[in-house]
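Encoded as structure tokens, the structure appears first; notes follow it.
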Amino acid sequence: MATYSTNQFKNGLKIILDNDPCSITENIVVKPGKGQAFNRVKMKNLKTGRVLERTFKSTESVEAADVDEMNVEYLYTDGEYWHFMEPTSFEQYAADEIAVGDTAKWIKGQEVCVMILWNGSPISITPPNFVELAVAQTDPGLKGDTAQGTTKPATLETGSEVKVPLFVDEGDILKIDTRTGEYVSRA
Amino acid sequence: MNDEDWRSNARHEMLLERALLLKNIRAFFDVRGVVEVETPLLSHHSTTDPHLDSLSTSFRDETCYLNTSPEYAMKRLLAGWQQPIYQICKAFRDDELGPNHNPEFSMLEWYRPGYSMEQLMDELAELVKTVCQGSQSSLLNSASHKNPVFERLSYQQAFERFAGLNPHKTSSAQCYQIAKANAVEIPQGLSVDDEVDDWLDWLLTQLVLPAFEKGGFTFLYDYPKSQCALAKIGLNDTAVGPPVLVAKRFELFFGEIELANGFHELSDAKEQLQRFEAENQSREQAGKELGCIDNNFIAALSSGLPDCSGVAMGLDRLLMVLADAKYIDQVLAFSWSRA
């Protein structure tokens, strides 16, 4: 089992904490003067995306996480798994519902996503920051209603719902920011 | 690396403030007859302190080390020369990086033959007051800098007041209970099987230091015997607590940030060597490389070190205080990431 000591901690290092793989985002030495040092470490849980903070006694060792990150192209879903392909090796990966998470709301095919693999299996899929999707259904906007900030719901071709301005019609292609889930513009 | 990395971390005002600080320190010691000295930064020896790690390099085929402080060399000078001395130099420590840490930092260290720990604390307070009043930043902003306040707390007073324990009589188990009771996070790797000093260090950062006056200076003195480092063991300040043997050691803090560490210096060569060997044992248990003991330093103590007190202060941190900087990077021309 590979381990890292606190003196090897740096941003981006992948470790196992509470049985989940985490990526270190900040590592600060806490020391009262002379005496025992401690490391206050911020990290992101790579499965849930949650940020956590933990303190370690210096020289403490933690288990290394065998984590890879790669760009993959989304192919299709069979309902149970979402299938992705690494474009240079053509190797395919199947990600389950937990790994895909909310990303499923934003991808329809051919998007380049960031996939994190832990021990060879996908644990997280991040969609591109912006995607372009067609409106499948929305009610017609009321003519003459020009009040600023007024929106209506629209269902996209992937099934997800976003708030859009009143002028948006069915069939329009919209640019969506996947980080906020918000409408950006008509594409 | 990015396009702006060639630039200094510090604003020009900060570089001027640093120059002024150095000038004021030298003036302070000059009028007091304390002589500036220089000792090697690069040495054949490394530290044995289990909580410090020397950086190493090589000369020809020999591994040699950058000093973690100029302490041994300065005491070697003192042993043959009863002269108050000071030094402003760089010190280097492995694995120290953070808002208050840079692997290479500036240190002021001075020694006063014939001074007790209390006398040296007085002089340190005088020096800090002088540089506060002489700094440009203090003229611009903080009124507290013009007339700084210094509180003095014995280690026992501070722990009794802010952590509810007597540090000279406590155990790891009691510290653990107190941490739990105060909702203090227990660091991964710290257990009741660890030394009580590890726990005291942790509670110091979590309960004691946060209770110190935010905009003021605090001396913490009379440390537990087990944290003696290179300090003499002696009777505590009995004005503030029942008699107990303590390390005649002090630290100076501004708010929570540590600025200086001083000792009534241990002069017993045999005891010093035993402490070094014990420290090396701790290093071995922690799986660390053993320190390379400076036998010249031990020999100097054998030949006779005058009764003296000495203190080392981090000048980058002092500059942070003077200029109200949150991060050490702000006061360094080039911090580690740009060095």
Side-chain angles (χ1 to χ4, degrees), chain A residues 1-67 69 118 129, chain B residues 49-53 68-69 93-103 184-191 194-195 197-206 208-209 220 223-224 226-231 247 249-253 256-261 263 283 285-288 312 314 317:
Chain A
M1 184 179 80
T3 60
Y4 294 118
S5 165
T6 53
N7 61 18
Q8 293 172 290
F9 281 11
K10 59 180 182 184
N11 291 356
L13 192 77
K14 311 291 192 292
I15 60 171
I16 306 272
L17 194 79
D18 302 338
N19 303 317
D20 274 355
C22 294
S23 175
I24 291 176
T25 57
E26 190 179 273
N27 171 31
I28 289 173
V29 173
V30 182
K31 217 176 168 191
K34 286 177 114 45
Q36 178 64 47
F38 299 90
N39 295 59
R40 177 156 295 143
V41 181
K42 271 194 191 153
M43 60 208 122
K44 195 170 129 184
N45 181 319
L46 294 172
K47 276 167 101 175
T48 63
R50 248 180 244 132
V51 173
L52 29 142
E53 213 172 311
R54 191 65 69 87
T55 307
F56 297 85
K57 186 183 164 189
S58 290
T59 69
E60 172 74 358
S61 286
V62 293
E63 194 182 337
D66 175 13
V67 168
E69 195 178 293
W118 179 32
N129 290 343
Chain B
D49 187 325
H51 301 305
L52 293 180
D53 289 300
T68 57
S69 93
R93 294 176 183 180
D94 197 3
D95 198 32
E96 297 200 355
L97 187 62
N100 300 329
H101 290 92
N102 196 66
V184 167
E185 180 192 358
I186 311 287
Q188 193 159 325
L190 186 64
S191 80
D194 281 305
E195 303 275 342
D197 285 323
D198 292 352
W199 280 95
L200 290 174
D201 283 334
W202 179 239
L203 294 182
L204 183 67
T205 67
Q206 299 301 300
V208 178
L209 300 184
L220 197 62
Y223 274 64
S226 48
Q227 298 183 28
C228 56
L230 288 87
R249 170 184 160 200
F250 67 91
E251 294 212 1
L252 175 66
F253 295 86
E256 293 184 49
I257 185 173
E258 183 230 8
L259 296 175
N261 177 78
F263 304 130
R283 292 185 74 86
Q285 278 160 17
K288 288 184 165 191
R317 296 220 187 135

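Keep in mind that this is a model prediction, so the values were computed, not measured. Just so we're on the same page: letters track the sequence lines, and every chain starts at 1.
- Of the atoms belonging to A:F56, heavy atoms from both backbone and side chain fall under 4.5 Å from chain B.
- Heavy-atom distances place the side chain of B:L204, and not its backbone, under 4.5 Å from chain A.
- In terms of non-hydrogen atom pairs under 4.5 Å with chain A, the most contact-rich of B:E256, B:H51, B:E251, B:H101 is B:H51.
- Only the side chain of A:E60 comes within contact range of chain B, judged by heavy atoms closer than 4.5 Å.
- One distance of note links NZ of B:K288 with OG of A:S58; it measures 7.5 Å at 0.5 Å rounding.
- In this structure, no portion of B:Y223 lies under 4.5 Å from any heavy atom of chain A.
- Neither the backbone nor the side chain of B:D94 comes within contact range of chain A, judged by heavy atoms closer than 4.5 Å.
- Here the straight-line distance linking atom NZ of A:K34 with atom CD of B:E258 works out to 8.5 Å at 0.5 Å rounding.
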Walk me through it: do B:L52 and A:K31 pass the test side chain to side chain contact (heavy atoms under 4.5 Å, CB included)? CA-CA 11 Å; B:L52 293 180; A:K31 217 176 168 191; 3.4 Å; yes
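- Using a 4.5 Å heavy-atom threshold, the side chains of B:Q188 and A:L17 count as touching.
- Taking all atoms of both residues into account, the shortest heavy-atom contact from B:P99 to A:I28 is CD-CG2, 3.3 Å.
- Proximity of a side-chain donor or acceptor of B:D201 to a complementary backbone N or O of A:Q36 within less than 3.5 Å is detected.
- Within the 4.5 angstrom heavy-atom criterion, no atom of B:Q227 approaches chain A.
- For B:D194, the part lying under 4.5 angstrom from a heavy atom of chain A is the side chain only.
- Atom CD of residue A:E53 and atom CD of residue B:E185 lie 7.5 Å apart, to the nearest 0.5 angstrom.
- The structure places OG1 of A:T59 at 9.5 Å from CG of B:D95, a figure rounded to the nearest 0.5 Å.
- Listed options B:L209, B:V208, B:T205, B:D198 were ranked by heavy-atom pairs under 4.5 angstrom with chain A; first place goes to B:D198.
- Residues A:F38 and B:L190 come closest through the heavy atom pair CE2-CD2, 4.2 Å.
- Residues A:T55 and B:W202 approach most closely at CG2-CH2, 3.5 Å, considering heavy atoms.
- Between the CG atom of A:N7 and the CG atom of B:L97 there is a distance of 12.5 Å, given to the nearest 0.5 Å.
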